[in-house]
Amino acid sequence: MNNEIVLQDLDHGLLTITMNRPDRRNALNPDMTRALVEAARRAQDDPEVRAVLLKGAGGTFCVGGDVKSMAAGRAPLSFETKTANLRRGMEVSRILHEMPKPVVAQLDGAAAGAGLSIALSCDLRIAAASVKITTAFAKVGLSGDYGGTYFLTHLLGSAKARELYLMSPVLSAQEALALGVVTKVVPDAEIHAAAREVAMSLAQGPSVTLGYIKRNINNAEHLSLEACFDGEAIHHSRAGETADHKEAAKAFVEKRKPVFQGH
């Protein structure tokens, strides 16, 4: 058994990042959050990585913070230290959301609390039919972290985000799909293959262009229409200069599937 707390595997441009605390349903502790940030930075900076698949070991995505450890009464940290530590860990959500590479989350078992927040920072979420999804924070007396309020508000609007945070219902996969929280629902037995297929298709796609698409959508979350127009014009022109665009145009004329090289 691999004892690393976060596993990384690069295959044909797809970096699979696996949270590996199956005995604790991949609950986040300081070691895991540090390793997740390191893995996300590697994904962002490594030119060999063209897409990311984020998942949890043992049939569960992530149940959020390790509440059992929180309740164990370890030596108390100062308010400033706790805040700084949390902010450093939350970088994983920022990096996954902002890096110019597509990120897919494989949701099975449960995605709760900070685990859900991290999943929401990803671009696509493929869910197993039996997965349970909940913000969870209010039920343990916490207000939320890892960007969940930001991502859920932008995804669903403030009214629904308030409902899901204040009342903390447990959503089924189909309920989450109806709301738009997840991208696709598949039978439990197919979740590994389905999530990998989606992620690998992105890794084999026109990587530079996909990065520009992601930047355009991220810009739309906070920039003016005029600024978004400027960004689209710049990114569209740059994408038109890539070898992948030329290959796609040639393949269209030749009526064949394009073979992208990621540049």
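Quick note: numbers below take in every heavy atom, side chains included, and nothing from hydrogens, waters or symmetry partners.
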Does the side chain of [Y] come within less than 4.5 Å of [X]'s, by heavy atoms?
| X | Y | answer |
| --- | --- | --- |
| Leu156 | Val181 | yes |
| Phe151 | Ser93 | yes |
| Tyr212 | His236 | no |
| Leu15 | Lys101 | no |
| Leu10 | Val49 | yes |
| Val170 | Ile133 | no |
| Met200 | Asp11 | yes |
| Ile126 | Val182 | no |

When hydrophobic residues are tied together by side-chain contacts of less than 4.5 Å, even through go-betweens, does [X] share a cluster with [Y]?
| X | Y | answer |
| --- | --- | --- |
| Leu107 | Val186 | no |
| Val131 | Leu155 | yes |
| Leu120 | Val185 | yes |
| Leu171 | Leu152 | yes |

Report task. Would you check if there is a donor-acceptor pair between the side chains of Gln106 and His192 at a distance under 3.5 Å? Result -> yes
Query raised in the report: Do Glu221 and Tyr150 meet the criterion of a side-chain donor-acceptor pair at a distance under 3.5 Å?
Result: yes
Rounded distance [0.5 Å steps], [atom1] in [X] versus [atom2] in [Y]:
| X | Y | atom1 | atom2 | value |
| --- | --- | --- | --- | --- |
| Thr33 | Met90 | OG1 | CE | 11.5 Å |
| Tyr146 | Arg94 | OH | CZ | 13.5 Å |
| Leu28 | Leu86 | CG | CG | 10.5 Å |
| Lys214 | Asp123 | NZ | CG | 3.5 Å |

So does [X] pair up with [Y], basic N to acidic O under 4.0 Å?
| X | Y | result |
| --- | --- | --- |
| Asp45 | Arg41 | no |
| Arg256 | Glu247 | yes |
| Asp108 | Lys55 | no |

Requested in this report: Please indicate whether Glu98 has more than 12 foreign heavy atoms, meaning atoms of other residues, nucleotides or ligands, lying under 6.0 Å from its CD.
Outcome: yes
Query raised in the report: Got a sec: does the NE2 of His222 have more than 12 other heavy atoms crowding it under 6.0 Å?
Result: yes
Can you tell me if [X] uses its side chain to pair, donor with acceptor, with the backbone of [Y] under 3.5 Å?
| X | Y | result |
| --- | --- | --- |
| Arg25 | Thr60 | no |
| His245 | Glu241 | no |
| Asp244 | Gln261 | yes |
| Thr81 | Leu77 | no |

